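Naming: A, B, ... by sequence-line order, numbering from 1 per chain. All figures in this text were calculated on a predicted structure; none of them were measured in a lab.
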Number of protein chains: 2
Amino acid sequence: MLSTTEENYLKALLQLTFEQEDKAEAGTNELAAQLGVKPATANDMLKKLREKQLIHYEKYGKSSLTAEGKKRAVEVVRKHRLWETFLYEHLGFTWDEVHEVAEQLEHIQSPKLIDRLDQLLNYPSFDPHGDVIPTASGEMKIPAKKTLNEEQVGHQCKMVGVKDNSATFLQYVDKVGLRMNQPIKVLSRQPYDELIEIEVNGLKSSVSPRFAENIVIVCNDCEIRMKSI
Amino acid sequence: MLSTTEENYLKALLQLTFEQEDKAEAGTNELAAQLGVKPATANDMLKKLREKQLIHYEKYGKSSLTAEGKKRAVEVVRKHRLWETFLYEHLGFTWDEVHEVAEQLEHIQSPKLIDRLDQLLNYPSFDPHGDVIPTASGEMKIPAKKTLNEEQVGHQCKMVGVKDNSATFLQYVDKVGLRMNQPIKVLSRQPYDELIEIEVNGLKSSVSPRFAENIVIVCNDCEIRMKSI
DNA sequence: TACAAATGTTAGACTAATCTAACAAAAATA
DNA sequence: TATTTTTGTTAGATTAGTCTAACATTTGTA
C-alpha cells in the first residue's frame with residue numbers, strides 16, 4: 001500500500017512525463033517544483049520509489065514511471081477525476097471548486113467505492129474540466145482532434161487550440177465567449193449560408209465556416225481511440 | 001487544523017466518555033486500547049491535545065473533552081455517519097462494509113462537501129447502524145427509549161437492551177432473530193390476541209406482548225428530544 | 001496498612017516526510 | 001575549452017506519530 005505522499009509523487013511524475021507533453025522523463029527539480037517541495041526532498045523520494053520498482057531513476061539522471069508505477073499513477077488520476085465529476089454533477093460544486101477536494105478524496109483506499117462511484121456516474125469519459133477519465137483497466141479514451149466546422153450538429157465538444165493566432169481572430173474568439181476547455185454545443189448548421197450555431201456557457205452565437213475551421217476541438221461524442229497506458 | 005490522528009483521538013475520547021456510557025472521563029490505557037496504540041503513545045498525544053485546549057488532562061488523572069474538543073469530535077462523528085449513510089443509500093454498500101471506508105472519508109476537510117452531502121441525503125437523523133447523526137450545529141436527536149410492545153404499527157426501531165436476562169428469554173430472543181441495534185419493523189398487531197408481527201433482517205415473526213415488553217428499543221420514527229453537546 | 005496489581009509516565013529510539021546548507025555533476029555559454 | 005550556471009545529491013536537523021523498556025503513582029486487597 002502506498003502512502004498519500006508516494007501517490008502524489010507518482011501522479012506528479014505522470015503529469016510531467018505523459019499528460020503535459022510527450023517527453024518521457026522528468027528532472028528532480030522539475031518534479032520538486034510540481035509538488036511544492038525542495039529538490040532534496042524529492043531526491044529522497046525518488047530513491048525510495050526506485051527501491052519499490054515504481055520508477056526508473058539513476059543518480060544525476062531523469063526519472064520516469066515503470067509499468068507498475070504508471071498503473072498506480074493512472075489509478076490516482078482516475079479516482080481524482082471521478083470524484084471531481086461526482087462533486088460537480090451530484091453535489092453542485094462549480095468546476096473551479098472541485099479540484100481541491102478531489103485532491104483529498106483521490107487517496108481514499110477502497111476499490112469498491114471507486115467502482116460504485118463510476119457506476120453511479122454512468123461510467124463517464126470526461127471530468128468537469130474536459131479531461132479524460134481512465135477506465136477501470138487503466139485505458140484512456142483519447143478523443144480525436146478536429147476543427148469546429150467538422151463537428152456534427154448535436155454534438156458536444158471543447159476548444160483545445162486555435163489555428164489562427166492573429167489578434168483579430170483571438171478577440172473574435174473571446175467575443176463569442178469561447179474559452180479553452182469549455183464545453184461547446186453545436187446547435188445547428190444553416191443550409192443557406194453554412195453558419196454554425198453554437199452554445200457556450202448558455203450563450204448562443206452563430207459563427208462562419210471560416211471562423212470555425214480555425215478552432216481546434218476535441219469531440220466528446222465522437223469515436224475515440226483507446227490509449228493503453 | 002487538526003491532523004487525522006488528532007481527530008481520531010478526540011473521536012475515541014468522545015466515544016468513551018459520551019456515547020458508551022455516561023461517565024465523563026476516560027483513562028489513558030482505556031483510550032490507548034480504543035485506538036489500538038500503546039499507552040505511552042496516547043500519553044504523548046494527551047499532552048499535545050491539552051496544549052491545544054481540546055481536552056482536560058492532568059498527570060495521573062483521567063481525560064475529558066473541553067467544549068471545543070467536544071465540538072470537533074462531534075463534527076468527525078457527523079462526517080463519519082453521513083458518509084456511512086451515503087455509502088449505504090447511494091452506492092449500495094452493505095451496513096457492515098460502510099464503517100471501514102467511512103473511517104477514511106471522515107477526515108476529508110471541506111465544510112461545503114459535508115453540507116451538500118447532508119442535503120443530498122435529505123438531512124438524515126440516523127446512519128445505517130441506527131446511530132444518531134449530529135446536526136450541522138452539533139446537536140444530537142436522541143430517540144426516547146421504550147419497549148417493543150409500546151411501538152406503533154408501521155414504525156421502525158432497534159433493540160438496545162432487554163429487561164429480562166434469563167437464559168430462556170435470551171434464547172428466545174435469539175430464535176426470533178433479534179440482535180442488538182438491528183432494525184426491527186413492526187408490521188401489525190392482532191386485535192384478537194395482541195400478538196405483534198415484526199420483521200427483522202427479512203425474517204417475519206410474531207411475538208407476544210409478554211415478550212415484547214421485555215425488549216427495550218429506540219424508535220427511529222418517533223418524537224425525539226435534542227441533546228445539545 | 002502494606003504490598004501487589006493495575007495504571008500511567010518518561011526516556012530513548014525509529015520511520016516518514018520535510019527542511020537547510022554544503023557540495024558535486026552536468027549543461028550552457030563566453 | 002574553461003568557466004559559470006543550472007541541476008542534482010548528501011549530510012544533518014526537525015516534526016509527528018509510533019514503539020519498548022524502565023520507572024512512578026494510584027488502586028485494590030490480603
Side-chain angles (χ1 to χ4, degrees), chain A residues 1-13 16-17 20-21 23-65 69 72-73 76 103-104 106-107 109, chain B residues 1-13 15-17 20-21 23-65 69 72-73 76 103-104 106-109:
Chain A
M1 180 96 95
L2 298 177
S3 69
T4 292
T5 309
E6 289 170 325
E7 287 192 341
N8 282 334
Y9 276 84
L10 293 180
K11 189 179 65 158
L13 202 44
L16 291 173
T17 59
Q20 293 197 352
E21 286 157 72
K23 64 187 167 86
E25 301 175 312
T28 305
N29 284 6
E30 194 185 358
L31 181 62
Q34 175 87 2
L35 288 158
V37 299
K38 299 292 168 189
T41 308
N43 185 259
D44 284 348
M45 184 57 86
L46 288 175
K47 289 189 233 168
K48 187 173 162 191
L49 293 172
R50 178 184 48 191
E51 277 314 295
K52 295 194 172 187
Q53 318 220 347
L54 296 168
I55 65 167
H56 300 294
Y57 162 73
E58 276 174 87
K59 203 165 151 175
Y60 292 109
K62 307 274 184 188
S63 309
S64 63
L65 293 163
R72 303 298 194 92
V76 177
E103 284 289 299
Q104 298 179 60
E106 72 189 6
H107 301 294
Q109 302 293 337
Chain B
M1 179 97 93
L2 298 177
S3 70
T4 293
T5 309
E6 289 170 324
E7 286 192 341
N8 282 335
Y9 276 84
L10 292 180
K11 188 179 66 157
L13 202 45
Q15 267 149 16
L16 290 174
T17 59
Q20 293 197 353
E21 286 155 71
K23 64 186 168 90
E25 302 176 312
T28 305
N29 285 5
E30 194 185 359
L31 181 63
Q34 175 87 3
L35 288 159
V37 298
K38 299 292 168 190
T41 308
N43 185 260
D44 284 348
M45 185 56 86
L46 288 175
K47 289 188 234 170
K48 187 173 162 192
L49 292 172
R50 178 184 48 191
E51 278 313 296
K52 295 192 171 188
Q53 317 219 350
L54 296 168
I55 65 167
H56 300 294
Y57 162 72
E58 276 174 86
K59 203 165 153 175
Y60 292 110
K62 307 274 183 187
S63 309
S64 63
L65 293 163
R72 303 296 194 93
V76 177
E103 284 289 298
Q104 298 179 59
E106 73 189 6
H107 301 293
I108 301 293
Q109 302 293 338

When B:Leu2, B:Thr41, B:Leu46 are each screened for side chain to side chain contact (heavy atoms under 4.5 Å, CB included) with B:Tyr9, the one that passes is B:Thr41
Using a 4.5 Å cut-off on heavy atoms from C-beta on, say whether the side chain of A:Ile55 contacts that of A:Leu13. yes
Whether each nucleotide of nucleotides 22-27 of chain C has a protein heavy atom under 4.0 Å at its base (B), only at its sugar-phosphate (S) or at neither (-) is summarised, 5' to 3', as --BS--
Of all heavy-atom pairs linking B:Ala24 and B:Ser64, the shortest is O-CB, 3.2 Å
B:Glu25 atom CD is separated from C:dT7 atom C1', nearest whole Å, by 15 Å
note: A:Leu49, atom CG; C:dA16, atom C1'; distance rounded to Å ~ 13 Å
Atom CD of A:Glu30 and atom C1' of D:dT7 are separated, to the nearest Å, by 11 Å
Separation of D:dT25 atom P from B:Tyr57 atom OH, nearest Å, is 13 Å
The reported gap from OG in B:Ser63 to CG in B:Asn43 (rounded to nearest 0.5 angstrom) is 9.0 Å
Expected list for residues 38-47 of chain A near DNA chain C, using heavy atoms below 4.0 Å, is A:Lys38, A:Ala40, A:Thr41, A:Asp44, A:Met45
Does D:dT18 have its OP1 or OP2 closer than 4.0 Å to a side-chain nitrogen or oxygen of B:Tyr9? yes
In whole angstroms, the gap separating P of D:dT15 from CE of B:Met1 amounts to 20 Å
- Task: Begin from the C-alpha positions of B:Lys11 and B:His107 and carry the test side-chain contact (heavy atoms from CB on, under 4.5 Å) through to its verdict.
- Result: CA-CA 11 Å; B:Lys11 188 179 66 157; B:His107 301 293; 5.6 Å; no
DNA chain C nearest-nucleotide lookup for A:Val37 and B:Gly61: closer to the 5′ end is B:Gly61
ask   = Checking B:Gln104 side chain against A:Gln109 main chain: does a donor-acceptor pair fall under 3.5 Å?
value = yes
note: B:Glu58, atom CD; C:dT9, atom P; distance rounded to Å ~ 11 Å
Here the gap from A:Glu25 atom CD to A:Leu16 atom CG, rounded to the nearest 0.5 Å, amounts to 12.0 Å
Whole-Å distance, A:Arg50 CZ to D:dT9 C1', equals 12 Å
All heavy atoms of A:Leu31 vs all of A:Ala12, minimum pair found to be CD1-CB, 3.7 Å
note: A:Asn29, atom CG; D:dT5, atom C1'; distance rounded to Å ~ 12 Å
Residues passing the salt bridge (Lys or Arg N to Asp or Glu O under 4.0 Å) test with A:Lys52, sequence neighbours excluded, are A:Glu6
Exercise. Between A:Thr5 and C:dA16, is there a side-chain N or O to OP1/OP2 distance below 4.0 Å?
Worked result: no
